[in-house]
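Below is one structure, written out as structure tokens; the observations come after it.
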Protein chains: 2
Amino acid sequence: MKLDEFIAKNGSSFSKEAGDHLFRQGEHDQSLYIVQSGLLKAYYLSADGKENIKSFILPGDNIGSLMSSYAGKPSTFSLVCLKPCELTVVEFSALYEASKTDTEISAAIVDFLLGFGIKKEAREYELLCLSAEGRYRKLLKNMPGILDLVTQNEIARYLGMTPVGLSRIKKRVSG
Amino acid sequence: MKLDEFIAKNGSSFSKEAGDHLFRQGEHDQSLYIVQSGLLKAYYLSADGKENIKSFILPGDNIGSLMSSYAGKPSTFSLVCLKPCELTVVEFSALYEASKTDTEISAAIVDFLLGFGIKKEAREYELLCLSAEGRYRKLLKNMPGILDLVTQNEIARYLGMTPVGLSRIKKRVSG
DNA sequence: GTGTGGAATTAACCCAAGTTAAAAGTCATG
DNA sequence: CATGACTTTTAACTTGGGTTAATTCCACAC
């Protein structure tokens, strides 16, 4: 696809260690990151220090702060590596400008954004309509593999509950 | 903007009464609706008959089922008029095909989808990180006008709580 | 006025999940 | 295999919000 070529040409690759941040909540970061290998998490930190996990980012996924890249405001979340990562980075603006003149690139971006929209709607549905237990059951069904990649603590923060609550739910669901 | 012209040329306008559905959960509907006037709600109905409101759609907003339009699957939600509405409808596929060859249209669509993504992320944040009371306070601050447009019952279903719960929270917040 | 039907509030009770803290597992390192 | 640092589980207690049902508020019709 033309988009891959554009990214290969305009992007650059680098590695990060587990624990390294790509950016933090409140900072400006106008990049789009493509994950070649490794694992990251995007998370919110509330004023009283509580963490909520927005998403886990796996190889093949893309991540960046829309708020910072597109709206020019500080990022609402932080992005950190959970494992050593190989990443490719491309400036959002380069992609955005290219999309204005190149129909192949813009078509790829439209497809990307439509897929992104569908994913966000699915998450919205789960958070709005399902109970904590329902969200756990759905995760079990849809991405059971994630359970081996991250701690239960992180699964809980992703599902919008505490690790203690998740432990209880696990027991209820399996027992 | 070129997009407006495209919609004026390829779309058609019509009216609906309060209570009319544009489509229902489980149906296929591959249209994008542009609201000229009136008010609609998009909502999920669970197996046991509980309603959860995905969003209210105001004049100037657009709405359609991404799942149906883009992924070709049945819509995950229903769309109904809360007040008499003047709408313009355009087939998603027409827009999508046009975006592949026309850079002005695709640029407008990219902008639309980026804005859409930012809105969905904000909603995700609220549902993941805020308590019921927190979500109500945020709504009070960000769109106080909506309180006069729809019943408290509907506000509650939008915020992911029951009307009884919202009544309690209102009392707590103001009293 | 007097009904009538939906919307909102209130009250009583219930429960899922949060909180705090202790106990038990797990695993890497010396 | 002992030590220490997490992670997970368990327990005891608290709490926010759900549920059900009764009551009060309205707006509108008659």
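Every chain is numbered from 1 and lettered A, B, ... according to where its sequence line falls, protein lines coming before strand lines. Quick caveat: nothing in here was measured; it's all calculated off a predicted structure.
- We find that CE of A/M161 is positioned 14 Å from P of C/dA16, with the value rounded to whole Å.
- The two residues B/A132 and B/M161 come nearest to each other via the heavy atoms O-CE, 3.3 Å.
- Here A/F77 and B/Y125 keep their ring centres 6.0 angstrom or further from each other.
- Look at CG on A/L147: it is 11 Å from P on D/dT8, rounded to the nearest Å.
- Applying the 4.0 Å criterion to OP1 and OP2 of D/dT9, one finds that A/K171 has every side-chain N and O outside that range.
- In this structure, the CG atom of A/L159 is 18 Å from the P atom of C/dA16, given to the nearest Å.
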Between protein and nucleic acid, restricted to nucleotides 19-29 of chain C and to nitrogen or oxygen atoms under 3.5 Å apart, what atom pairs and distances do you find?
residue: C/dT19; atom: OP1; partner: A/K50; partner atom: NZ; Å: 3.4

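- The distance between atom CZ of B/R137 and atom P of D/dG17, rounded to the nearest whole Å, is 11 Å.
- Using five terminal pairs a side, the axes of the helix from C/dG1-D/dC30 to C/dG30-D/dC1 at its two ends make an angle of 30°, given in steps of 10 degrees.
- Looking at A/K41 and A/E51, a side-chain N of the basic residue comes within less than 4.0 Å of a carboxylate O on the acidic one, giving a salt bridge.
- At distances below 3.5 Å, not a single donor-acceptor pair connects side-chain atoms of B/N142 with backbone N or O atoms of B/L139.
- Counting heavy atoms from C-beta outward, A/N52 and A/Y158 have side chains that stay 4.5 Å or more apart.
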Give each protein N/O atom lying under 3.5 Å from an N/O atom of nucleotides 6-8 of chain C, with the pair distance.
residue: C/dA8; atom: OP1; partner: B/Q152; partner atom: N; Å: 3.0
residue: C/dA8; atom: OP2; partner: B/Q152; partner atom: N; Å: 3.1
residue: C/dA8; atom: OP2; partner: B/N153; partner atom: N; Å: 3.2

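- For A/R172 and C/dA17, the shortest distance from a side-chain N or O to OP1 or OP2 is below 4.0 Å.
- Distance CD1 (A/I169) to C1' (C/dG18): 11 Å, rounded to an integer number of Å.
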